[in-house]
Number of protein chains: 2
Amino acid sequence: MTAAAPAEPDTRARLVTATAALLQRQGYESTSVKAILTEAGATYGSLYHFFPEGKEQLAAEALRFGAEDFAALLRRGLESSDDLDTAVANCAIVLAESLRESEWLDGCPVAATALEIIGRSPLIQQASDESLNAWRALIAERLVRGGVPAHAAADLACTILSTLEGAELISRVAGDDEALRIAATHLRLLTAAVRQSA
Amino acid sequence: MTAAAPAEPDTRARLVTATAALLQRQGYESTSVKAILTEAGATYGSLYHFFPEGKEQLAAEALRFGAEDFAALLRRGLESSDDLDTAVANCAIVLAESLRESEWLDGCPVAATALEIIGRSPLIQQASDESLNAWRALIAERLVRGGVPAHAAADLACTILSTLEGAELISRVAGDDEALRIAATHLRLLTAAVRQSA
DNA sequence: ATCAATCTAGATCGATCGATCTAGAAGAAG
DNA sequence: CTTCTTCTAGATCGATCGATCTAGATTGAT
C-alpha cells in the first residue's frame with residue numbers, strides 16, 4: 001500500500017514537517033500523535049522507530065525544523081532594503097503578510113508550544129530557546145552590517161524579536177494586522193533612535 | 001437568570017481563580033477539568049451547575065478574571081514614576097520581578113491559552129482579545145496623561161504591550177530576565193522618540 | 001413546617017490520549 | 001537462495017479526557 005504517493009519523501013522527514021505544521025498552528029497538547037500520523041501518512045510503527053522517545057522527541061526536532069522557516073521569513077524582511085530602518089520595519093510587514101495567508105492560524109513555529117511546556121519539558125524548552133537565539137543572531141548580524149555597534153546590536157535584536165513576537169500574538173488574537181503594522185513604524189523609529197544614541 | 005448576584009457562593013469564585021492560575025501556567029489543553037476541581041476543592045456537580053457549557057465557558061471567564069491581575073501589574077509600573085519614560089520602562093521591570101517570583105512558570109494570563117485556541121474557540125479568543133485591548137487602553141491612558149497625543153498614544157500603547165508580551169515569552173523560555181531588562185531600556189527610548197516626533 | 005430552588009457529591013459514560021507490542025514487508029549482503 | 005537489518009502496519013493497552021447523570025444536602029421563602 002505504498003504506491004499512493006508519487007516519489008514519496010522520507011517517512012522520517014514527513015513526520016517532522018507534519019509535526020512542525022501542527023505545532024505551529026495549535027501547540028503541543030492539542031496536537032495528538034494520531035493527527036500527526038494522519039497528516040504525515042505514517043503509522044505508529046514508523047514514528048517510534050525513528051523517535052524512540054515518542055512525541056516529545058519528535059516535537060523538539062520539529063521545532064528546530066520549523067525555526068528555519070521563520071528564519072527565512074526574517075531574512076526576507078532583513079534583506080528587503082539597503083536602508084537598515086526600512087529593512088527592520090519590513091520584518092513586521094513580511095510577517096503580517098505571511099500570517100494573513102493562513103488567516104492568522106499559523107504563527108511563530110515555537111511560541112504556542114513553548115508557552116505551554118515551560119518548566120515541564122526541558123527537551124522542548126531548550127529547542128525553543130535555541131530557535132529564539134538563532135533568530136536574534138540573524139537580526140543582530142543585519143544590524144551590525146547596517147552600522148549598529150556590536151553590543152547595541154545584540155540588545156536591539158532582542159527587542160525587535162520581542163516586539164515581533166508580541167505583535168504577532170496581538171494580531172492573531174484580533175484577527176487583523178493592526179498590531180504588526182504599528183510595530184513596523186515603531187521598530188523603524190526605535191532602530192533609528194538606537195543608532196543615533198550609539 | 002442571575003446577573004451579578006450580591007451573595008456569590010465561594011465555590012464559583014474558587015473555580016474561577018483556580019482555573020485562571022492553571023491557564024496562566026500551562027495553557028488550556030494541558031489543564032484538565034479534574035485538575036481544576038482539585039485545585040479549587042470543588043466537584044463536577046458544582047462546575048457544571050455554575051458553568052453549564054463546561055470547561056470552555058469557565059476558561060473564558062477565568063481569562064477575564066486573570067486579566068485584572070495583569071492590569072494591576074501594569075498599573076503598578078505605569079504609576080511608579082511621574083516621568084513617563086521611566087514609568088513605561090518600569091512596566092518591563094515590574095513584570096520581570098513578578099515572573100521571577102514564580103521562577104518563570106506563571107506568565108501573562110492569556111498568552112498561552114490564546115495561542116493554542118486561535119481559530120478554534122471564539123468564546124476564549126474573544127475573552128483574550130478583550131483583555132489585550134483593556135491593557136492597551138490602560139497604557140494609552142497613561143501615555144496621554146504624560147503628554148502623548150491621543151492617536152499616537154493608542155499606537156504606542158499597542159507596541160509597548162507587544163514588546164512586553166514578546167519579551168516575556170523570550171525571558172520565560174530562557175529562564176532569565178535579560179529580554180525584559182533590554183525591553184525596559186528600549187521602551188524608554190521609544191517612548192521618548194515618539195514624543196519628540198509627535 | 002413545608003416545599004421548591006439552589007448547590008454539592010461523585011459514579012460512570014464513551015472517546016481519545018500516548019505508548020507498546022507483535023508481525024511482516026522491503027532491501028542489502030553473502 | 002538465505003539471513004540480517006531496516007522500516008512499516010495497526011491492534012491493543014491502561015490511563016485519562018470532558019461530559020452527563022442521579023441523588024442528596026442546604027437554603028430561603030412562606
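Every chain is numbered from 1 and lettered A, B, ... according to where its sequence line falls, protein lines coming before strand lines.
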C:dC17 phosphate, OP1 or OP2, under 4.0 Å from A:Ser32 side-chain N/O
yes
Without decimals, in angstroms, what is the distance between A:Gln26 CD and C:dC17 P?
11 Å
Using a strict cut-off of less than 4.0 Å between a Lys/Arg side-chain nitrogen and an Asp/Glu carboxylate oxygen, indicate whether B:Arg75 and B:Glu141 qualify as a salt bridge.
no
Would you indicate which nucleotide in C:dT8, D:dA19, C:dG18 comes nearest to any side-chain atom of A:Lys55?
C:dG18
Rounded to the nearest angstrom, tell me the gap between atom CG in B:Leu47 and atom C1' in C:dG10.
13 Å
D:dT26 P sits how many Å from B:Asp10 CG, rounded?
16 Å
Take atom CD of A:Glu53 and atom P of C:dT20, then tell me their distance rounded to the nearest Å.
11 Å
So which one's nearest nucleotide on DNA chain D is more toward 5', A:Lys34 or A:Phe50?
A:Phe50
Answer yes or no: is there an ion pair linking B:Asp85 with B:Arg188, defined by an N-O contact shorter than 4.0 Å?
no
Take the protein atom CZ of B:Arg14 and the nucleotide atom C1' of C:dT8, then report the distance between them rounded to whole Å.
11 Å
Nearest whole Å is fine: how far is C:dA19 P from A:Leu15 CG?
14 Å
Round to the nearest Å and state the distance from A:Tyr44 atom OH to D:dC13 atom C1'.
11 Å
Does A:Thr43 place a side-chain N or O at less than 4.0 Å from the phosphate oxygens OP1/OP2 of D:dT8?
no
Can a side chain N or O of B:His49 be found less than 4.0 Å away from OP1 or OP2 on C:dT8?
no
Quick one: B:Ile36 CD1 to D:dC17 C1', roughly how many Å, whole number?
12 Å
OP1, OP2 of C:dA19 versus side-chain N and O of A:Tyr48: anything below 4.0 Å?
yes
Got a salt bridge between A:Arg145 and A:Glu79, using NZ or NE/NH1/NH2 to carboxylate O under 4.0 Å?
yes
Quick check on side-chain contact (heavy atoms from CB on, under 4.5 Å): which of B:Leu187, B:Leu180, B:Leu78 does B:Cys91 satisfy it with?
B:Leu78
If you look at every strand shown and take non-hydrogen atoms under 4.0 Å, does A:Thr31 touch a base, only sugar-phosphate, or nothing?
sugar-phosphate
Taking the basic N atoms (NZ, or NE/NH1/NH2) and the acidic carboxylate oxygens, is any pair closer than 4.0 Å for B:Arg136 and A:Glu178?
yes
